[in-house]
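What follows is a set of notes on a single structure, which appears directly below.
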There are 2 protein chains.
Amino acid sequence: MKIEPESCRVDDALGILVGKWKPLILLHLLKNGTQRFSELKRSVPGITQKMLTNQLRDLEEEDIIERKVYPQVPPKVEYSITEYGRSLEPILNAMHEWGTNHIIHKREKMKKENVGNERKL
Amino acid sequence: MKIEPESCRVDDALGILVGKWKPLILLHLLKNGTQRFSELKRSVPGITQKMLTNQLRDLEEEDIIERKVYPQVPPKVEYSITEYGRSLEPILNAMHEWGTNHIIHKREKMKKENVGNERKL
DNA sequence: CTGCATCCAAAATGATACTG
DNA sequence: CAGTATCATTTTGGATGCAG
């Protein structure tokens with residue numbers, strides 16, 4: 001399927017992944033399976049409760065993750081990747097791979113630029 | 001290569017693509033090859049000069065596109081995808097495909113939910 | 001334990017005028 | 001033609017307190 005600018009759906013996919021914590025949240029759920037809210041919070045250092053809730057809601061809205069509430073006290077809520085959500089895994093892997101290589105690419109590029117600058121001195 | 005949360009590079013790739021206009025700009029350059037600033041501006045309806053400049057600078061910074069200035073009056077500046085930048089194409093295609101399917105998925109989901117709601121009446 | 005509400009700061013985007 | 005500069009607006013993220 002060729003992309004035409006008039007009917008580009010890249011942004012639709014991008015929108016799902018964009019958010020400071022979404023990739024990490026998805027990764028933890030993919031790697032560790034079902035997790036409670038508090039487990040996720042511990043798994044993603046630095047995230048606030050508000051942001052975790054927000055990002056989980058976003059992902060739930062798009063049917064990427066599932067939220068299961070146990071009606072008990074104290075509350076218990078479990079999150080997991082949906083079957084459909086797993087279809088994102090290849091893209092996440094591709095981006096991780098590309099990103100890993102990109103870091104190398106940038107380092108190489110900077111090296112060359114530095115050599116160039118030295119020659120100018 | 002398996003992604004570990006501690007060494008996730010998805011955000012590095014994501015950062016390149018994120019920006020309201022970047023996917024469209026990349027698509028136009030991939031599809032039409034080298035383009036002048038004004039051609040790009042026409043190709044991306046609604047974008048302002050400022051945003052076009054910003055996003056082009058971002059992409060150039062990451063070595064995804066190349067900027068060639070012709071020192072003449074009036075000025076002429078051409079943009080094109082770098083060889084390295086083309087390595088993003090598979091990811092863009094995958095996201096476009098996923099996004100296209102996601103739109104269908106959401107429509108199906110809404111249909112089901114509506115049926116469910118009708119039953120509740 | 002889970003999560004909502006409020007208030008605030010920072011970043012991204014947009015409108016507009018100006019320049020070589 | 002291809003920008004830059006400035007200011008306004010919108011969006012996103014963060015801190016904190018409260019509640020079932």
Side-chain angles (χ1 to χ4, degrees), chain A residues 8 10-29 32-62 64-81, chain B residues 8 10-29 32-62 64-81:
Chain A
C8 172
V10 172
D11 286 327
D12 294 270
L14 218 43
I16 310 287
L17 271 353
V18 170
K20 190 167 171 187
W21 311 94
K22 281 180 197 155
L24 264 184
I25 291 169
L26 289 174
L27 241 52
H28 277 288
L29 290 176
N32 304 325
T34 300
Q35 293 215 256
R36 294 186 59 166
F37 184 87
S38 49
E39 287 177 309
L40 276 173
K41 183 145 173 14
R42 271 192 300 277
S43 299
V44 186
I47 196 170
T48 60
Q49 279 181 338
K50 175 193 166 185
M51 286 310 295
L52 182 52
T53 307
N54 283 351
Q55 314 259 305
L56 287 170
R57 289 291 183 285
D58 288 350
L59 293 168
E60 189 193 358
E61 175 79 14
E62 301 294 341
I64 308 298
I65 65 175
E66 190 183 3
R67 176 170 181 262
K68 187 168 182 186
V69 182
Y70 294 84
Q72 62 186 40
V73 134
K76 173 177 167 182
V77 181
E78 285 182 343
Y79 294 89
S80 57
I81 302 275
Chain B
C8 172
V10 172
D11 286 327
D12 295 88
L14 217 44
I16 310 287
L17 272 353
V18 169
K20 190 167 172 185
W21 313 94
K22 279 177 198 159
L24 263 184
I25 291 171
L26 289 174
L27 242 52
H28 278 288
L29 290 176
N32 303 325
T34 300
Q35 294 215 257
R36 296 185 58 164
F37 184 86
S38 50
E39 288 178 307
L40 276 173
K41 183 145 174 16
R42 271 192 299 278
S43 299
V44 186
I47 196 171
T48 61
Q49 278 181 338
K50 176 192 166 185
M51 284 311 294
L52 182 52
T53 306
N54 282 352
Q55 313 261 304
L56 287 170
R57 289 289 184 286
D58 287 351
L59 292 168
E60 189 194 358
E61 175 79 15
E62 300 295 340
I64 308 298
I65 65 175
E66 190 183 3
R67 177 169 180 264
K68 185 168 184 185
V69 182
Y70 295 83
Q72 62 186 40
V73 132
K76 174 176 166 183
V77 181
E78 284 182 344
Y79 293 90
S80 58
I81 302 274

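Residue numbers start from 1 in every chain, and the chains themselves are labelled A, B, ... in the order their sequence lines are given, proteins ahead of strands.
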Strictly under 3.5 Å: I want the nitrogen or oxygen pairs between protein and nucleotides 15-17 of chain D, one per line.
none

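- The side chain of B/P74 lies closest to D/dC1 when the candidates are D/dG3, D/dC1, C/dG3.
- Distance CG (B/L52) to C1' (D/dA2): 10 Å, rounded to an integer number of Å.
- In this structure, A/E78 reaches neither bases nor backbone, as no heavy-atom distance under 4.0 Å exists between it and the strands shown.
- C/dG3 atom P lies 13 Å from atom CD1 of A/I47, rounded to whole Å.
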Candidate pair A/L52 and A/I25, rule side chain to side chain contact (heavy atoms under 4.5 Å, CB included), full reasoning: CA-CA 8 Å; A/L52 182 52; A/I25 291 169; 3.8 Å; yes
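- A rotation axis mapping the C1' atoms of four pairs onto the next four is fitted at both ends of the helix from C/dC1-D/dG20 to C/dG20-D/dC1 over five pairs, and the angle between these axes is 40° to 10 degrees.
- The structure places CD of A/E66 at 8.5 Å from OG1 of A/T34, a figure rounded to the nearest 0.5 Å.
- Residue contacts for A/Q55: at a heavy-atom cut-off of 4.0 Å it reaches the sugar-phosphate backbone alone, with no base atom in range.
- For the residue pair A/Y79 and A/L29, the shortest heavy atom distance occurs at O-CD2, 3.5 Å.
- Of the candidates D/dT4, C/dC1, D/dG14, the closest approach to any side-chain atom of A/P75 belongs to C/dC1.
- Between A/T48 and A/K41, the shortest heavy-atom contact is C-CE, 4.5 Å.
- With rounding to whole Å, A/Y70 atom OH is found 13 Å from C/dG3 atom P.
- In plain terms, the two heavy atoms of A/I47 and A/M51 that are nearest each other are CG1-CB, 3.8 Å.
- Residue A/K22 comes nearest to A/L59 through the heavy atom pair CD-CD2, 4.0 Å, listed as atom of the first residue, atom of the second, then distance.
- When the C1' atom of D/dG14 is taken as reference, atom NZ of A/K20 falls 8 Å away, rounded to whole Å.
- Of all heavy-atom pairs spanning B/I64 and B/L26, the tightest one is CG2-CD2, 3.8 Å.
- Of the two residues near DNA chain D, B/L56 and A/N54, the one whose nearest nucleotide lies more 5' is B/L56.
- Atom pair B/M51:CE and D/dG3:P shows a separation of 15 Å (rounding to whole Å applied).
- Annotation: side chain of B/E78 is not in contact with side chain of B/E39 (no heavy-atom distance under 4.5 Å).
- In this structure, the side chains of A/L56 and A/L40 come closer than 4.5 Å at one or more pairs of heavy atoms.
- Out of D/dG14, D/dA2, C/dG3, the shortest distance to the side chain of B/F37 is found at D/dA2.
- Distance A/L40 CG to C/dC1 P: 14 Å, rounded to the nearest Å.
- Taking 4.0 angstrom as the limit, B/S38 places a side-chain polar atom (N or O) nearer than this to OP1 or OP2 of D/dA2.
- For the atom pair B/H28 NE2 and B/I81 CD1, the distance stands at 11.5 Å (nearest 0.5 Å).
- Taking 4.0 angstrom as the limit, B/R67 places none of its side-chain polar atoms (N or O) nearer than this to OP1 or OP2 of D/dA2.
- The NZ-C1' distance, from B/K68 to D/dG3, rounds to 20 Å in whole Å.
- Of the side-chain N and O atoms in B/W21, one or more sit less than 4.0 angstrom from OP1 or OP2 of C/dG14.
- For the pair B/G19 and A/R36, both in contact range of DNA chain C, the more 5′-proximal nearest nucleotide belongs to A/R36.
- The interatomic distance linking A/Y79 (OH) with C/dC1 (P) rounds to 14 Å, in whole Å.
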